[in-house]
Protein chains: 2
Amino acid sequence: MAYRETPRMRARKEATRQRILDTTQQLVASGGFGAASVARVAEESGVAIGSVYRHFESKSDLFAEVFRHATEVEVRRVGEALNTTGPADEALAKALEVFARRAIRSPTMAWALIAEPVDPMVDEERLRYRQAYAELFEQTLVRGMREGCFRPDQNPKLSSAATVGAIAEALVGPLSPAADGLDREKADQLIHDVVRLCLQAVRAPGGQQQ
Amino acid sequence: MAYRETPRMRARKEATRQRILDTTQQLVASGGFGAASVARVAEESGVAIGSVYRHFESKSDLFAEVFRHATEVEVRRVGEALNTTGPADEALAKALEVFARRAIRSPTMAWALIAEPVDPMVDEERLRYRQAYAELFEQTLVRGMREGCFRPDQNPKLSSAATVGAIAEALVGPLSPAADGLDREKADQLIHDVVRLCLQAVRAPGGQQQ
DNA sequence: GTAAGAACTGAACTGTTATTCAATCATTAT
DNA sequence: ATAATGATTGAATAACAGTTCAGTTCTTAC
């Protein structure tokens with residue numbers, strides 16, 4: 001008989017699949033999902049358009065996988081920062097800084113993950129992503145409310161959502177065109193200011209300031 | 001000699017033009033700019049597709065005018081609230097409440113004005129809109145910083161942008177599907193909480209709380 | 001009523017992208 | 001080398017939205 005799938009071929013296919021994923025992620029990082037057409041993805045991956053469909057059911061399927069991978073990385077980083085030992089307000093400050101620093105380093109990717117309109121399949125992933133964030137922040141907010149460093153009469157879900165919105169708008173919103181030409185010092189100042197603003201929003205009155 | 005433009009015809013044309021604008025605004029309010037195709041606008045306005053182009057250079061032109069009108073209304077309302085007499089923090093609280101209340105009443109319109117991706121021509125209008133808001137809020141923030149009710153060591157531009165982002169995300173972001181089925185009491189609670197959160201973010205330490 | 005000119009109409013045109021599939025190429029086991 | 005089978009290709013297709021324009025209808029002034 002004849003052709004059988006060998007480990008060699010399986011590895012090669014896997015490599016191509018991975019290359020397509022990487023290419024797509026790069027395109028999304030530089031111009032959002034809107035900039036990642038199938039033709040562009042194929043060209044930059046060095047394969048034909050049809051081959052993309054050999055590895056992914058559809059463009060939405062490919063996008064969903066890229067989205068999932070990118071957000072898993074982000075959520076993991078923020079989760080790690082939150083789970084360092086120490087008071088809840090310090091943990092939150094550290095996590096917000098991680099979030100802000102990563103957003104300002106890759107503003108287009110941040111926008112693509114947070115705000116760019118996407119088709120329903122990717123939007124489903126976004127819902128999970130938001131819930132993951134909400135749960136992480138909420139956990140720490142609730143802990144801080146118990147510990148007394150955050151004001152106890154707040155809605156932690158609301159505070160969590162508003163905090164993400166505040167950072168996103170401050171860093172990838174109106175200031176975003178400037179973000180490219182932002183030197184390290186200016187970026188640090190911006191991140192410091194926005195983190196302090198967010199912390200003060202949830203902090204208990206009378207707690208230590210700044 | 002023959003046809004001349006009469007007041008009657010001019011009025012009729014103006015009425016049609018206005019009808020197209022109103023229809024578009026309604027479509028944007030219910031589904032964002034993405035839901036307002038030229039075909040749909042024409043149908044709902046009771047005119048042919050071609051007639052839309054008789055009154056507007058292009059779809060972008062029509063959108064820009066709808067955007068401009070909608071935002072002028074919003075900015076005026078917020079400006080009125082800010083310019084009531086009284087301490088800066090009370091003025092800011094009142095203005096944020098107006099902003100939030102209007103956003104929660106028309107979440108899709110709020111999203112379309114604040115965050116929906118639009119073509120460059122509309123985006124230019126959005127820049128003006130953001131600047132108008134930024135100037136308004138900044139003015140009051142600076143006044144409050146001088147008066148001592150807002151913390152003096154903050155970047156008012158950043159605080160202003162972050163505040164808009166916080167409210168937008170909290171009200172039209174993850175909570176937005178719920179906004180439709182929100183009763184008056186729940187909506188009031190949500191608005192109250194988010195306004196307090198934003199105020200606390202900018203307030204001077206040691207000032208009166210709640 | 002009629003003719004000039006404007007307004008209106010919507011089918012056709014254009015440009016853009018996702019998706020398909022018949023033909024071609026590559027890999028394997030004999 | 002060859003046959004069998006899967007992998008790859010990219011031109012063709014399909015679907016969709018903004019825009020155009022030749023033909024039709026309407027309004028006006030006489």
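Just so we're on the same page: letters track the sequence lines, and every chain starts at 1. Keep in mind that the numbers below use all heavy atoms, side chains included, and drop hydrogens, waters and symmetry copies.
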Within this structure, what is the [atom1]-to-[atom2] distance between [X] and [N], rounded to whole angstrom?
{"X": "B:Phe33", "N": "D:dA17", "atom1": "CZ", "atom2": "P", "answer": "17 Å"}
{"X": "B:Lys13", "N": "C:dG5", "atom1": "NZ", "atom2": "C1'", "answer": "12 Å"}
{"X": "A:Arg54", "N": "C:dA23", "atom1": "CZ", "atom2": "C1'", "answer": "14 Å"}
{"X": "A:His55", "N": "D:dT9", "atom1": "NE2", "atom2": "P", "answer": "9 Å"}
{"X": "A:Asp119", "N": "C:dT19", "atom1": "CG", "atom2": "P", "answer": "9 Å"}
{"X": "A:Leu27", "N": "C:dT17", "atom1": "CG", "atom2": "P", "answer": "13 Å"}
{"X": "B:Phe56", "N": "D:dT19", "atom1": "CZ", "atom2": "C1'", "answer": "16 Å"}
{"X": "A:Phe63", "N": "C:dT17", "atom1": "CZ", "atom2": "C1'", "answer": "11 Å"}

[options]: which one has an atom nearest the side-chain heavy atoms of [X]?
{"X": "B:Val47", "options": "D:dT9, C:dT20, C:dT9", "answer": "C:dT9"}
{"X": "A:Ile49", "options": "C:dT27, D:dT28, C:dT20", "answer": "C:dT20"}
{"X": "A:Ser37", "options": "D:dT19, C:dT19, C:dA18", "answer": "C:dA18"}
{"X": "A:Arg12", "options": "D:dG10, D:dT28, C:dT27", "answer": "C:dT27"}
{"X": "A:Arg4", "options": "C:dA7, C:dA29, C:dT20", "answer": "C:dA29"}
{"X": "B:Tyr53", "options": "C:dA18, D:dA7, D:dT19", "answer": "D:dT19"}
{"X": "B:Arg8", "options": "C:dT19, D:dT28, C:dT27", "answer": "D:dT28"}

Closest-nucleotide ordering on DNA chain D, the 5'-leading residue of A:Met9 and B:Ser60: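 In this pair, the answer is A:Met9.
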Angle between ring planes, A:Phe99 versus A:Phe137, binned at 30° and 60°: parallel, tilted or perpendicular?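 Geometry flag for A:Phe137 against A:Phe99: perpendicular rings.
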Could you walk me through whether A:Gln154 and A:Ser159 satisfy the side-chain hydrogen bond (donor to acceptor under 3.5 Å, both in side chains) test, starting with their C-alpha distance in whole Å, then the side-chain angles of each, then the deciding distance to 0.1 Å, before giving a yes or no? CA-CA 7 Å; A:Gln154 66 184 307; A:Ser159 299; 2.7 Å; yes
Base, sugar-phosphate, or nothing: which does B:Arg40 touch, judged by heavy atoms less than 4.0 Å apart?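 Nothing: the residue B:Arg40, judged by heavy atoms under 4.0 Å, touches no strand.
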Over all strands shown, is A:Ser51 touching base, sugar-phosphate only, or nothing at heavy-atom distances under 4.0 angstrom? base
Result of checking B:Ile49, B:Leu62, B:Thr24 against B:Val38 for side-chain contact (heavy atoms from CB on, under 4.5 Å): B:Ile49
Any non-hydrogen side-chain atom of A:His69 less than 4.5 Å from a side-chain atom of A:Leu21? no
For B:Gly86 and B:Arg143, which heavy atoms make the closest approach, and how far apart are they?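 Closest approach of B:Gly86 to B:Arg143, heavy atoms only: O-NH1, 3.1 Å.
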Under-4.0 Å side-chain N/O to phosphate OP1/OP2 contact, A:Lys59 with C:dT19: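 Indeed not, no polar side-chain atom of A:Lys59 lies that close.
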